[in-house]
There are 2 protein chains.
Amino acid sequence: MTTPSLDREVEKRLHGHDVRYTKGRRMVVSALVGADGPKSAAELYAEIGPGVPLSSLYRTLTVLEEAGIVVPHLGARGLTRYELAEWITGHHHHLICVQCGQVEDVAIPQPQEAQVRELVEDIGSLVAFTPMGHALEIEGRCAACT
Amino acid sequence: MTTPSLDREVEKRLHGHDVRYTKGRRMVVSALVGADGPKSAAELYAEIGPGVPLSSLYRTLTVLEEAGIVVPHLGARGLTRYELAEWITGHHHHLICVQCGQVEDVAIPQPQEAQVRELVEDIGSLVAFTPMGHALEIEGRCAACT
DNA sequence: TTCCTTGCAAACGATTTGCATTGGA
DNA sequence: TCCAATGCAAATCGTTTGCAAGGAA
């Protein structure tokens, strides 16, 4: 589920952080590439299997986050899910099901995205705060839970 | 830090859920009224003091959430912060400091808010998802961390 | 009296870490 | 060779819960 070019880029980033792109880490990246939204360590463990124990998954996710390859997303009941950073997936937002907790990525049309970006900049200039990023989190019911 | 009218409304809601508006619960509501953003159980405990033990704080927050008086906000490292529901505070968004983790409320001008609301509706009609609410989370650096 | 509420301590679940072992450049 | 990476188990940390005591209607 990984493309060679992405793999090379990830490897380069990891090398820049003096860490190796090992088999276990490749499996995690690959699982995230195939995902349609953020995944928790437990979800990845279920998908990848016991070949990569939970503690290694957590360590891998930490390393990937430090290298800017994945980004955490905080979910209900203290669950942290990770997804590939936006330089890989492209900028997007989240649909969060209030019933089952699943999170799905959604990209919004360019003009609207520009609106949002502008809005965020405006807010930053009004208050003492320097915006660096934004996320529109939409809560509701997913197709399966309707 | 609480107004009599708010207190009465809260009491009414709690009664509707067959729970009492006790001293401990009043202290939590009062602390939240005086807050400028979501607060975690630990933060409330630090402010209110050991008069209300952590376990009671958690129970109180759960009760208040079920009664629609507070709403959870998920923060880094599995921390859940609570704030008063929007029928009390008014609709608003969050400024999240990437450095210190503090969350601050911010309201955006009505026309822009309408834009966002419309955008969310549009997305809902494009994908199989029924939007019920939205939150624009703006990450950046707060005044103290700049 | 009758439930709701509280406090304490024990239990939980997600995540982190110590340490000895393995593995890649 | 040498240091990063791994696996396991134990430890942490925020949060939840069982249970007996306290309190309001």
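Only heavy atoms go into these numbers, but all of them, side chains included; no hydrogens, no water, no symmetry mates. Numbers restart at 1 for each chain; the letters A, B, ... are given by sequence-line order, proteins then strands.
- Computed from coordinates, the A:Glu65 CD to C:dT15 P distance equals 12 Å when rounded to whole Å.
- In this structure, B:Ser56 does not reach the C:dT6 phosphate: none of its side-chain N or O atoms is under 4.0 Å from OP1 or OP2.
- For the pair B:Tyr58 and D:dT16, the criterion of a side-chain N or O lying under 4.0 Å from OP1 or OP2 is not met.
- Counting only residues at least two apart or in different chains, salt bridge (charged side-chain N to carboxylate O under 4.0 Å, His left out) contacts with residues 16-30 of chain A comprise A:Asp7-A:Arg26, A:Glu11-A:Arg26.
- Among the atoms of the strands shown, none is found under 4.0 Å from any heavy atom of A:Val63.
- Rounded to an integer number of Å, the gap from CG of A:Leu61 to P of C:dT17 is 14 Å.
- For the atom pair A:Gln112 CD and A:Gln115 CD, the distance stands at 6.0 Å (nearest 0.5 Å).
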Between the protein and nucleotides 19-25 of chain C, which nitrogen or oxygen pairs come in under 3.5 angstrom?
{"unit_1": "C:dG23", "atom_1": "N2", "unit_2": "A:Arg20", "atom_2": "NH1", "d": "3.2"}

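- Rounding to the nearest 0.5 angstrom, the gap separating the CD1 atom in A:Ile88 from the CG atom in A:Leu32 is 9.0 Å.
- At a threshold of 4.0 angstrom between heavy atoms, the contacts of B:Gly51 are confined to the sugar-phosphate backbone, with no base atom among them.
- The distance between atom CG of B:Leu74 and atom P of D:dT15, rounded to the nearest whole Å, is 10 Å.
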Candidate pair B:Ile123 and A:Leu95, rule side-chain contact (heavy atoms from CB on, under 4.5 Å), full reasoning | CA-CA 10 Å; B:Ile123 294 175; A:Leu95 303 172; 4.2 Å; yes

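- Closest to the side chain of A:Pro53, out of C:dG7, C:dT15, D:dC8, is D:dC8.
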Please set out all donor-acceptor pairs under 3.5 angstrom arising from side-chain atoms of residues 51-67 of chain B, sequence neighbours excluded.
{"unit_1": "B:Thr60", "atom_1": "OG1", "unit_2": "B:Ser56", "atom_2": "O", "d": "3.0"}
{"unit_1": "B:Thr62", "atom_1": "OG1", "unit_2": "B:Tyr58", "atom_2": "O", "d": "2.9"}

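- Rounded to an integer number of Å, the gap from B:Leu54 CG to C:dT6 C1' is 14 Å.
- Take the nearest nucleotide of DNA chain C for B:Pro50 and for B:Tyr21: the residue whose nucleotide is more 5' is B:Tyr21.
- Residues A:Cys97 and A:Cys142 come closest through the heavy atom pair SG-N, 3.5 Å.
- From A:Tyr82, atom OH reaches atom NZ of A:Lys39 across 15.5 Å, with rounding to the nearest 0.5 Å.
- Remark on the helix from C:dT1-D:dA25 to C:dA25-D:dT1: inter-end axis angle 30°, axes from five-pair C1' superpositions, rounded to 10°.
- Note: CG (A:Leu79) to P (C:dC12) measures 18 Å, nearest angstrom.
- Residue B:Lys23 contributes atom NZ, which lies 10 Å from atom P of C:dG7 at whole-angstrom precision.
- For the contact set between residues 28-47 of chain B and DNA chain C, defined by any heavy atom under 4.0 Å, there are no members.
- One distance of note links CZ of B:Arg8 with OG1 of B:Thr2; it measures 12.5 Å at 0.5 Å rounding.
- Taken from CD1 in B:Ile108 to CG in A:Leu126, the straight-line distance is 10.5 Å, to the nearest 0.5 Å.
- Checking D:dT15, D:dT6, C:dT6 against the side-chain heavy atoms of A:Arg25 singles out D:dT6 as nearest.
- Atoms CZ and CG, on B:Arg81 and B:Leu74 in that order, are 10.5 Å from each other to the nearest 0.5 Å.
- Among residues at least two apart or in separate chains, ring-ring contact (aromatic ring centres under 6.0 Å, His included) pairs with a member in residues 93-121 of chain B are B:His73-B:His94, B:His91-B:His93, B:His92-B:His94, B:His93-B:His134.
- Atom pair A:Arg26:CZ and D:dT6:C1' shows a separation of 16 Å (rounding to whole Å applied).
- Residues A:Gly68 and A:Arg13 approach most closely at O-NH1, 3.8 Å, considering heavy atoms.
- Between D:dG14 and B:Thr80, no contact under 4.0 Å exists linking OP1 or OP2 to a side-chain N or O.
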